[in-house]
Amino acid sequence: MLSAIKNRFILLLQLFLVMIYIIFEELIWEGIAKPIYETIHALKILQKLELKLQSVTPSIVLVIFVVLLAIVEAFGIYAGILFVSGQVLLGLTLYIAKIPVAAFTFWLFRVTEEKLMQFGWFKWIYDWIMKAIDWLKSCEMYKKTMERLVQVKMSLKVFKEKYFSGESPFIEKMKRLYNTVKDALRK
């Protein structure tokens with residue numbers, strides 16, 4: 001009996017972790033932050049900054065990175081608190097506002113990773129996080145959820161192509177209905 005409760009608790013914990021990871025990876029990173037990161041990475045001013053960062057000591061890089069990461073995480077936690085307390089729009093706005101800062105922080109990590117990894121404790125934490133993500137991705141629940149997510153994405157793509165492509169009869173009907181309603185309201 002106790003073993004069954006323990007196993008269910010572990011499954012619920014895994015499900016929670018898998019869902020959180022998928023939400024952050026698929027929705028926030030892939031949909032929002034990655035395009036911002038790529039835009040940031042392509043900016044010429046940041047390419048100049050990247051060259052300057054090569055001459056900065058690892059300690060300074062670490063302080064800058066930790067401060068930015070702390071700001072991003074604090075914004076995320078506060079946005080969550082606002083969201084849960086019923087201030088959904090404010091929480092969502094704060095969370096969306098933090099995404100460019102998070103993308104910049106990720107960019108900073110990527111361009112200074114070698115310097116940051118000189119700190120043993122930092123490397124240990126990074127390696128531990130990567131192992132945890134690898135473990136999560138190896139869980140059967142994650143694999144099945146991702147398979148289902150791929151199916152949903154494909155269904156949405158087919159739906160979009162069928163009903164929202166440029167030559168879609170559905171779109172043409174919606175445009176005609178809109179124009180009819182607009183003309184009727186003008187009279």
Side-chain angles (χ1 to χ4, degrees), residues 9-43 45-46 49-50 62-113 116 122 125-126 128-130 132-137 139 141-166 168 170-171 174-175 177-178 181-182:
F9 177 75
I10 290 171
L11 280 175
L12 282 174
L13 181 61
Q14 276 185 340
L15 177 62
F16 176 73
L17 292 173
V18 164
M19 296 311 295
I20 293 294
Y21 182 77
I22 289 172
I23 288 169
F24 283 108
E25 181 71 17
E26 291 294 319
L27 297 177
I28 297 171
W29 173 251
E30 291 293 328
I32 302 169
K34 187 176 180 184
I36 293 171
Y37 167 77
E38 289 170 353
T39 301
I40 287 172
H41 188 66
L43 294 174
I45 192 166
L46 290 183
L49 180 60
E50 186 174 339
L62 179 66
V63 168
I64 294 168
F65 176 76
V66 168
V67 166
L68 286 172
L69 185 63
I71 289 169
V72 165
E73 293 306 318
F75 277 15
I77 291 168
Y78 188 58
I81 291 169
L82 289 172
F83 195 79
V84 170
S85 70
Q87 298 177 10
V88 175
L89 189 58
L90 185 58
L92 187 61
T93 303
L94 181 60
Y95 194 86
I96 290 170
K98 86 166 193 130
I99 291 174
V101 179
F104 178 80
T105 305
F106 183 74
W107 170 84
L108 180 65
F109 173 78
R110 285 290 164 221
V111 300
T112 60
E113 184 174 357
L116 292 170
F122 189 92
I125 291 172
Y126 177 78
W128 185 85
I129 291 170
M130 292 299 103
I133 290 171
D134 289 343
W135 169 80
L136 195 62
K137 287 181 171 182
C139 292
M141 189 179 301
Y142 175 83
K143 292 174 186 176
K144 287 182 179 181
T145 304
M146 289 306 293
E147 287 172 8
R148 182 68 181 131
L149 190 59
V150 167
Q151 291 171 353
V152 169
K153 282 182 177 181
M154 293 302 291
S155 298
L156 288 173
K157 185 177 180 182
V158 168
F159 178 80
K160 181 181 172 186
E161 288 172 356
K162 183 175 181 182
Y163 294 106
F164 295 101
S165 66
S168 167
F170 175 76
I171 294 295
M174 289 292 110
K175 285 180 181 177
L177 178 62
Y178 170 76
V181 170
K182 187 170 80 172

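For the single chain, residues carry numbers from 1 onward in sequence order. Both backbone and side-chain heavy atoms feed into the values below; hydrogens, waters and symmetry mates do not.
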So, taking the atom named [atom1] in [X] and the one named [atom2] in [Y], what distance separates them when rounded to the nearest 0.5 Å?
X      : Y     : atom1 : atom2 : value
Leu90  : Leu82 : CG    : CG    : 5.0 Å
Lys98  : Ile71 : NZ    : CD1   : 12.0 Å
Leu108 : Glu50 : CG    : CD    : 10.0 Å
Leu92  : Ile96 : CG    : CD1   : 4.0 Å

Restricting to non-hydrogen atoms, name the atom on [X] and the atom on [Y] that form the minimum distance, rounded to 0.1 Å.
X      : Y      : answer
Leu62  : Leu116 : CA-CD2, 3.6 Å
Gly91  : Ala79  : O-CB, 3.3 Å
Thr105 : Val72  : OG1-CG2, 3.9 Å

Which is it for Phe83 and Tyr95 under the ring-ring contact (aromatic ring centres under 6.0 Å, His included) test, yes or no, and what are the steps along the way?
CA-CA 10 Å; Phe83 195 79; Tyr95 194 86; 9.3 Å; no
Ring-plane angle category for Tyr126 and Phe109, please: parallel below 30°, perpendicular beyond 60°, tilted otherwise.
tilted
Partner residues of Glu113 under the side-chain hydrogen bond (donor to acceptor under 3.5 Å, both in side chains) criterion, sequence neighbours left out
Arg110
Once side-chain hydrogen bond (donor to acceptor under 3.5 Å, both in side chains) is applied, do any residues pair with Glu147, and if so which ones, sequence neighbours excluded?
none
Is Leu94 close to Tyr78 at the side-chain level, that is, under 4.5 Å between some pair of heavy atoms?
yes
Using a 4.5 Å cut-off on heavy atoms from C-beta on, say whether the side chain of Leu49 contacts that of Trp107.
yes
Show the numbers, then the answer: is there a side-chain contact (heavy atoms from CB on, under 4.5 Å) between Leu68 and Phe104?
CA-CA 9 Å; Leu68 286 172; Phe104 178 80; 3.6 Å; yes
